[in-house]
Amino acid sequence: MMKSRLFISLSIWGMVLLCVVASCSRDEGIPQLAWGKHYLWSAPDSAYCVLKTISSPEKLSEKERGAYALLMTQAMHRSGRKISSDSLIDIAIDYYSLQGTADEQAASFLYKGYILEDLCQDKKAIYAYKQAEEAVKTAKDLRLHFMVYTALGRINGRYAHYETSLAYYRKALDLNLSVPAWKEMGGGYIFAPLYLAQRTPRYNEEVKLVQDKFLGLVDRMDFSSQEKIYYQLALKEKDKKEWEAAASFLLKALERTSTEEARYKYDAELANVYKHSGKKLQADSLWNEALKSSRRLLRASVYKDIYTGLLADGLAGEANEYMQRYISELELLFTSADRAELLEIEKKYDYSALLRQNNDYRSRWSITILITVAAVCSLALLLWGSWKFFRHQKLEILRNYKKDASVLQQQIDDLQERIEENQGEAKNLQEQMLTLEAEKRSKEVRIRQLEVTFRSKHISLPVETVEAAQVYLQIVSKEAASYNPAEDRTKLELWLNISRNDWARRLAILYPSLTNGEKDICYLFALGLSFDEMAELLGVQPRSVDRVVYRICRKMGLGQGSKEEFVAQISRLDDSATNI
């Protein structure tokens with residue numbers, strides 16, 4: 001009894017000490033990691049500066065090294081710093097692949113893909129992105145879902161896999177992220193399906209749908225976010241030389257800006273667009289407004305644009321005057337002391353932050369040593385007491401297990417002998433049963449064929465008609481439905497013409513532009529199959545059937561392209577008594 005009480009007391013005391021030591025060690029070793037994670041989305045530059053204060057990352061524990069490798073890679077990438085190797089992120093991948101959460105695994109593979117893509121190793125980057133896509137299926141952070149899908153959309157679009165690219169962009173938009181999450185990621189900057197419209201005429205309509213959904217999401221944001229996104233969209237349209245679209249987006253950004261300097265910047269960009277559109281008077285007026293800016297770099301850019309325009313018009317004298325103003329602005333810009341002053345402020349801030357962290361660590365050091373020594377002694381005493389206490393019990397349990405194991409082995413041997421005696425007889429019965437079931441299925445199929453044949457008015461039917469009836473039975477069969485379009489389509493058309501007053505022929509005459517795949521959907525629906533049953537029969541996804549229905553409706557001249565319109569049109573064709 002005394003031993004039990006002593007053991008319980010030691011256990012409680014040891015657990016308390018372990019909790020204290022764990023909390024202290026966590027405070028000692030991970031403050032920079034915690035602050036880096038805190039600032040990662042809102043201020044990645046600050047996260048990078050905090051993580052840089054860890055002087056010896058190689059001395060961290062395995063878990064802390066994995067977290068450091070992932071956070072440092074994320075901070076460097078998000079703050080625009082160049083990463084020349086994937087060795088750091090590989091540390092995070094090695095750790096999180098074995099014992100990390102889905103979010104940590106997805107983030108590790110995603111940023112490895114970013115690095116490899118920047119290093120022009122696109123094949124390896126795509127493989128990393130696909131690993132991230134697999135991990136992100138169970139991830140909780142929707143921002144990771146969005147970033148993985150947009151990364152795959154971007155790299156597929158660059159290699160002309162346009163349908164795949166659009167599918168990934170659509171997945172990203174279907175997440176319906178909140179406005180704060182969108183702002184944290186810079187969603188307007190990393191989402192760029194608009195490039196696809198110029199390169200893929202075949203998918204223009206789908207691209208337009210994606211664009212509309214994207215712009216609908218933008219309209220829910222605050223004016224500051226809308227301003228930035230419209231400006232980025234304007235730059236993309238400007239790169240494609242779509243001057244009217246670029247001017248439209250710039251005007252939207254101009255309407256939502258609240259600062260004079262931003263307004264001057266948009267005036268300069270809009271003037272440049274108007275110059276290419278042939279609107280010289282509007283361009284000159286906007287350039288004069290932009291020259292009111294206090295930013296020398298913007299004024300220099302405006303002088304350069306005016307110089308280029310005058311030189312193109314053959315006004316060399318006036319052009320030289322603006323070139324001189326351009327040179328003067330650049331000289332003032334490069335001799336300015338503003339940059340040196342800014343660097344000094346950043347150095348002072350970084351140094352003061354480092355001093356505060358060092359003072360914090362020193363104040364905890366002595367207390368941590370005392371608690372660690374006490375914890376080690378308590379753990380040693382706890383381990384010795386536990387070993388003495390459990391040794392006798394384990395020996396007794398071992399003897400009981402050996403006894404039970406011998407009894408179980410005897411039972412296993414008896415059962416094995418009984419199985420071997422009955423094995424031959426059971427195998428023969430099973431083979432006979434399988435043979436009879438196969439013969440029964442063959443008979444049932446033949447019965448259905450004969451039933452269809454004898455229901456007809458003419459008992460002696462042509463071979464083609466019987467084969468057409470067999471295809472019909474294979475499709476509507478609930479037990480083993482099958483349909484091979486390449487082999488069975490002609491027979492199914494014959495069956496529809498025989499049983500439904502030349503239904504297939506009338507469909508071909510009314511809508512000659514339908515492809516074979518679109519005809520298959522019409523035929524199967526006429527036989528009474530639902531859209532889900534069609535997808536299962538054809539071995540495709542339900543969304544693929546939806547897209548085919550949408551194209552059929554467009555070719556039939558239906559406005560919305562919905563399933564309801566498709567059903568109504570097929571029903572009208574079925575009910576029609578017109579003999580074409």
Side-chain angles (χ1 to χ4, degrees), residues 19-96 99-101 103-112 114-115 118-119 141 143-144 147 183-186 338-373 375:
C19 293
V20 173
V21 171
S23 62
C24 292
S25 62
R26 187 161 51 246
D27 290 340
E28 178 187 355
I30 315 182
Q32 297 101 316
L33 298 180
W35 282 109
K37 187 175 182 179
H38 175 74
Y39 287 119
L40 180 62
W41 292 101
S42 59
D45 287 310
S46 300
Y48 173 77
C49 293
V50 170
L51 293 171
K52 284 289 287 183
T53 61
I54 300 178
S55 57
S56 301
E58 66 277 1
K59 295 181 180 180
L60 297 173
S61 66
E62 185 180 5
K63 179 179 179 180
E64 292 169 354
R65 283 191 66 197
Y68 169 81
L70 177 58
L71 288 172
M72 177 58 82
T73 303
Q74 289 177 298
M76 291 178 68
H77 184 271
R78 288 183 58 76
S79 58
R81 289 173 169 81
K82 183 175 179 60
I83 304 176
S84 58
S85 171
D86 59 348
S87 57
L88 183 61
I89 193 61
D90 281 341
I91 296 174
I93 289 176
D94 291 340
Y95 176 75
Y96 289 127
Q99 48 191 321
T101 63
D103 293 77
E104 292 164 338
Q105 293 173 7
S108 301
F109 286 118
L110 171 65
Y111 281 89
K112 181 178 176 69
Y114 285 153
I115 295 170
D118 292 339
L119 296 175
D141 193 343
R143 294 172 298 190
L144 288 175
M147 295 170 74
K183 290 176 66 177
E184 285 175 347
M185 291 183 302
D338 293 343
R339 291 180 296 165
E341 182 180 352
L342 181 61
L343 289 175
E344 284 296 324
I345 293 173
E346 289 182 352
K347 288 180 181 178
K348 290 179 181 179
Y349 173 78
D350 294 340
Y351 181 69
S352 61
L354 184 60
L355 286 179
R356 286 196 301 272
Q357 291 177 358
N358 289 337
N359 291 332
D360 191 18
Y361 298 151
R362 280 195 294 269
S363 64
R364 303 176 192 170
W365 184 249
S366 57
I367 298 175
T368 303
I369 292 176
L370 293 175
I371 295 177
T372 303
V373 172

inquiry  = Checking Asp94 now: which residues fulfil side chain to side chain donor-acceptor pair (under 3.5 Å) with it, not counting sequence neighbours?
reply    = none
Of the non-hydrogen atoms in [X] and [Y], which two are nearest, and what is the gap between them?
X      : Y      : answer
Leu70  : Glu104 : CD2-O, 4.2 Å
Ala69  : Ala92  : CB-N, 3.9 Å
Ile115 : Ile89  : CD1-CG2, 3.9 Å
Gln105 : Gly100 : NE2-O, 3.2 Å
Gln32  : Leu51  : O-CD2, 3.8 Å
Ala75  : Leu40  : N-CD1, 3.6 Å

ask   = Of Asp86, Thr73, Leu88, which is the lone residue that meets side chain to side chain contact (heavy atoms under 4.5 Å, CB included) with Tyr111?
value = Thr73
inquiry  = Please evaluate residues Leu144 and Asp103 with respect to the criterion side chain to side chain contact (heavy atoms under 4.5 Å, CB included), reporting the C-alpha separation (whole Å), side-chain torsions for both, the decisive distance (0.1 Å), and the verdict.
reply    = CA-CA 7 Å; Leu144 288 175; Asp103 293 77; 3.9 Å; yes
Let me confirm one number: the [atom1]-[atom2] distance from [X] to [Y], rounded to the nearest 0.5 Å.
X     : Y      : atom1 : atom2 : result
Ile93 : Lys112 : CD1   : NZ    : 5.0 Å
Leu71 : His38  : CG    : NE2   : 13.0 Å
Trp41 : Asp141 : CH2   : CG    : 6.0 Å
Asp45 : Ser79  : CG    : OG    : 5.0 Å
Ile91 : Glu62  : CD1   : CD    : 11.0 Å
Lys82 : Met76  : NZ    : CE    : 10.5 Å

inquiry  = Set out, in order, the CA-CA distance, both residues' side-chain angles and the distance that settles side chain to side chain contact (heavy atoms under 4.5 Å, CB included) for His77 and Asp118, then state yes or no.
reply    = CA-CA 10 Å; His77 184 271; Asp118 292 339; 4.2 Å; yes
